[in-house]
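In this chain, residues are counted from 1 in sequence order.
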Amino acid sequence: MQKIARETIVAKEAAEMLGVSEWVVYDWARKKLIPHIKVGKRVLFRRSSILQWLDQQEKASMAVEPVGQRKIRRLK
C-alpha cells in the first residue's frame with residue numbers, strides 16, 4: 001500500500017524547511033507574514049504555499065529600488 005504524502009505540514013516541519021525555530025514560524029503566522037491555515041486551534045501550512053512564499057521573499061530581496069533624484073552637497 002502506498003503512503004500518500006500530506007500537502008499540509010505543522011509549524012515544526014515548516015520551521016525545519018525554512019531553517020528557523022518553530023516559535024518564529026508561529027510568530028510569523030500570528031503577524032500574517034507567512035501563509036497558513038487555521039483548523040480549530042491547529043495552525044497548518046501548505047508545502048506549496050511555503051515554497052511559493054519563499055520564492056517571493058527571495059525575489060523581493062533582490063529587487064532594485066529606484067534611486068530617485070539625489071542632490072549634490074558641497075563639501076566644506
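Legend: side-chain hydrogen bond (donor to acceptor under 3.5 Å, both in side chains) pairs involving residues 19-34, not counting sequence neighbours, sorted by first then second residue: Asp27-Arg30, Asp27-Lys31.
Between the side chain of Arg47 and the backbone N or O of Arg6 there is at least one donor-acceptor pair closer than 3.5 Å.
Taking CD of Glu7 as the reference point, atom CG of Leu44 lies at 11.0 Å (rounded to 0.5 Å).
Across Pro35 and Ser49, no two heavy atoms sit closer than the pair CG-O, 3.7 Å. For Phe45 against Ala11, the heavy-atom pair with the smallest separation is CE1-CA, 3.6 Å.
Atom CZ of Arg46 is surrounded by 12 or fewer heavy atoms from other residues, nucleotides or ligands within 6.0 Å.
Clustering ILVMFWY residues whenever any of their side-chain heavy atoms sit less than 4.5 angstrom apart, transitively, puts Val10 in a cluster other than the one holding Val24. If you chain together hydrophobic residues whose side chains sit under 4.5 Å apart, Ile34 and Ile37 never meet in one group.
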Kindly list each side-chain donor-acceptor pair under 3.5 angstrom involving residues 51-62, sequence neighbours excluded, with atom names and distances?
{"from": "Trp53", "atom 1": "NE1", "to": "Leu33", "atom 2": "O", "distance (Å)": "2.8"}
{"from": "Ser61", "atom 1": "OG", "to": "Glu58", "atom 2": "O", "distance (Å)": "2.7"}

